[in-house]
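Numbering of residues begins at 1 and proceeds along the displayed sequence.
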Amino acid sequence: MSAAEGATERPAPERAPRGAGGTVSILAALAGILLLAWLVHEGGAEEVGRRLVGLGPVLPLALLPYTVVSLCDALGWRVVLRAFGVAQPFARLWLERLAGEAVNSVAPTGVGGEPVKILLLRADGVRGSAAAAAVVTSRTFLILTQSLLVVFGIVALLVRLGRHVAAPIALAGLLGLTAIFGLLLVRVQKGGVARMVARGLAGLLRTSSHTASRVERSAADFDAHLATVYATRRLTLLGAAAWHMLGWLASAAEVWVVLRLLGTSISQTDALIVEGLAQPIRATSILVPGAVGTQEGGGVALCSWLGIPPATGLALWLVRRGREVLFDAVGLLYLAARNLRRG
């Protein structure tokens with residue numbers, strides 16, 4: 001039997017319909033936009049608009065807290081990069097961080113920014129395995145500190161409800177769970193998972209031995225970088241986590257500042273509750289691009305529960321959405337400028 005005849009006997013693998021994922025993302029985005037429009041209608045478009053216009057010349061002050069957030073995250077990333085032996089100008093790191101977060105905001109599943117950061121670091125001359133390991137490490141500690149923010153938000157809620165006995169118990173239990181989660185996450189990363197994934201993909205995709213060997217070497221370098229830094233630079237990584245935690249607390253301060261600018265006063269505890277409990281809602285960006293509508297809807301519900309009028313709550317989240325768009329635009333413009341420079 002000829003090779004050609006043998007080839008015809010193999011059934012072609014079935015392929016998923018092209019564009020199915022894109023269609024789902026578009027429908028989810030449209031649903032989110034409709035939800036946002038409904039929120040504006042229910043909150044009173046005229047009242048919401050009046051509150052937004054009333055910010056007037058103090059509107060730039062609403063950008064200050066998130067500026068602190070982005071700077072703290074960039075400082076945390078710089079600490080991690082230095083642990084991997086990478087030194088970069090801080091302004092460039094800040095802009096690269098904005099570019100990555102902008103891609104996360106516009107990507108259909110809320111991911112994609114980390115590969116962009118890796119590519120930007122590689123374009124700066126950083127070795128690929130070191131760049132990838134640094135980005136993964138930074139994201140790991142960002143997630144862990146975000147979990148701490150959620151814990152603090154839940155405990156603050158219990159205190160507000162008068163559950164003074166349950167609050168410290170919940171704090172101890174949730175901190176323990178977060179610590180276990182962090183240890184497991186680090187242990188998996190130190191266990192050579194990248195090399196195992198590379199081997200599995202090479203077998204699945206049936207790549208050439210040369211390509212498989214090259215990918216496996218890169219994965220081994222990645223694993224070695226992670227294992228070394230996690231074993232020898234623990235205090236340095238705790239410093240990076242401290243910067244990220246400060247950034248999350250600044251994001252809670254943003255809630256307090258913007259509401260004050262809108263003429264509504266809340267306590268720091270309530271601001272922590274809003275920001276802490278808003279984090280799981282933000283995770284809907286996996287389904288709805290940018291969490292459009294779901295972020296505002298969940299945020300308004302949280303604010304209403306705390307006694308904040310719906311129009312004021314919606315104005316708060318629309319200001320935060322506008323701030324997000326502005327910073328994302330800066331990141332995307334920087335990314336475009338880098339691409340033009342390379343071209």
J.: Looking only at heavy atoms, what is the nearest atom pair of Gly128 and Ile118, with distance?
T.: O-CG2, 4.5 Å
J.: For Leu171 and Leu158, what are the C-alpha separation, side-chain angles and deciding distance, and is it a side chain to side chain contact (heavy atoms under 4.5 Å, CB included)?
T.: CA-CA 10 Å; Leu171 178 62; Leu158 290 174; over 6 Å; no
J.: With a 4.5 Å limit on heavy-atom distance, are the side chains of Val257 and Leu64 in contact?
T.: no
J.: Within the supplied structure, the quantity of interest is the number of heavy atoms (other residues, nucleotides, ligands) at a distance under 6.0 Å from Arg160 CZ; does it exceed 12?
T.: yes
J.: Could I get the full list of side-chain contact (heavy atoms from CB on, under 4.5 Å) partners for Pro309, not counting sequence neighbours?
T.: Thr312
J.: Taking atom CZ of Arg122 as the centre, report whether more than 12 heavy atoms of other residues, nucleotides or ligands fall under 6.0 Å from it.
T.: no
J.: OG1/Thr264 to CG/Leu306 distance, rounded to the nearest 0.5 angstrom?
T.: 12.0 Å
J.: Apply side chain to side chain contact (heavy atoms under 4.5 Å, CB included) to residues Leu335 and Val103 and explain how you reach the verdict.
T.: CA-CA 10 Å; Leu335 190 58; Val103 172; 4.0 Å; yes
J.: Who are the side-chain contact (heavy atoms from CB on, under 4.5 Å) partners of Arg320, not counting sequence neighbours?
T.: Ser251, Glu254, Val255, Glu275, Leu316, Trp317, Arg323
J.: Can you see which heavy atom on Val150 is nearest to which on Gly276, and at what distance?
T.: CG2-O, 3.6 Å
J.: Are any side-chain N or O atoms of Thr140 and backbone N or O atoms of Val136, one a donor and one an acceptor, separated by less than 3.5 Å?
T.: yes
J.: Kindly determine whether Asp223 and Lys190 satisfy salt bridge (charged side-chain N to carboxylate O under 4.0 Å, His left out), including the steps that lead there.
T.: CA-CA 7 Å; Asp223 289 332; Lys190 290 171 61 178; over 6 Å; no
J.: Within this structure, what is the CG-CZ distance for the pair Leu226 and Phe222, rounded to the nearest 0.5 Å?
T.: 4.5 Å
J.: Report the C-alpha separation of Val159 and His164 in whole Å, then their side-chain angles, then the decisive distance to 0.1 Å, and conclude whether the side chain to side chain contact (heavy atoms under 4.5 Å, CB included) test is met.
T.: CA-CA 6 Å; Val159 171; His164 299 294; 4.3 Å; yes
J.: Where do Ala250 and Val69 come nearest, in terms of heavy atoms and distance?
T.: CB-CG2, 3.6 Å
J.: Can you name the closest pair of heavy atoms from Ala156 and Thr269 and give their distance?
T.: CB-CG2, 3.8 Å
J.: Any side-chain heavy atom of Leu262 sitting closer than 4.5 Å to one from Val258?
T.: yes
J.: Check the surroundings of atom CZ in Arg92: do more than 12 heavy atoms from other residues, nucleotides or ligands lie under 6.0 Å from it?
T.: yes
J.: Consider side-chain contact (heavy atoms from CB on, under 4.5 Å). Of Arg97, Arg338, Gln88, which one does Leu120 pass it with?
T.: Arg338
J.: Does any part of the side chain of Leu142, heavy atoms only, come nearer than 4.5 Å to the side chain of Trp77, both counted from C-beta?
T.: no
J.: Can you tell me how far apart CD (Gln189) and NE2 (His225) are? Round to the nearest 0.5 Å.
T.: 14.5 Å
J.: Please report the shortest heavy-atom distance between Arg282 and Arg321, naming the atom on each side.
T.: NH1-NH1, 4.0 Å
J.: Can you see which heavy atom on Val229 is nearest to which on Ala83, and at what distance?
T.: CG2-O, 3.7 Å
J.: With the side chain counted from C-beta on, respond yes when Arg78 and Trp243 share a heavy-atom pair under 4.5 Å apart, and no when they do not.
T.: no
J.: Answer yes or no: is there a donor N or O on one side and an acceptor on the other, between the side chain of Ser70 and the main chain of Thr67, under 3.5 Å?
T.: yes
J.: Take Leu185 and Phe141 through the test side chain to side chain contact (heavy atoms under 4.5 Å, CB included) and record every step on the way to the result.
T.: CA-CA 10 Å; Leu185 198 57; Phe141 282 91; over 6 Å; no
J.: Under 4.5 Å between any side-chain heavy atoms of Ile266 and Ile308, yes or no?
T.: yes
J.: Taking Asn104 for the side chain and Gly113 for the main chain, is one N or O donor matched with an acceptor at less than 3.5 Å?
T.: yes
J.: Considering only heavy atoms from C-beta outward, does the side chain of Thr228 approach that of Phe84 to under 4.5 Å?
T.: no
J.: For the residue pair Leu272 and Trp248, establish whether any side-chain heavy-atom pair is separated by less than 4.5 Å.
T.: no
J.: Got a sec: does the CG of Leu235 have more than 12 other heavy atoms crowding it under 6.0 Å?
T.: no
J.: Tell me, do Phe152 and Ile273 make a side-chain contact under 4.5 Å, heavy atoms counted?
T.: no
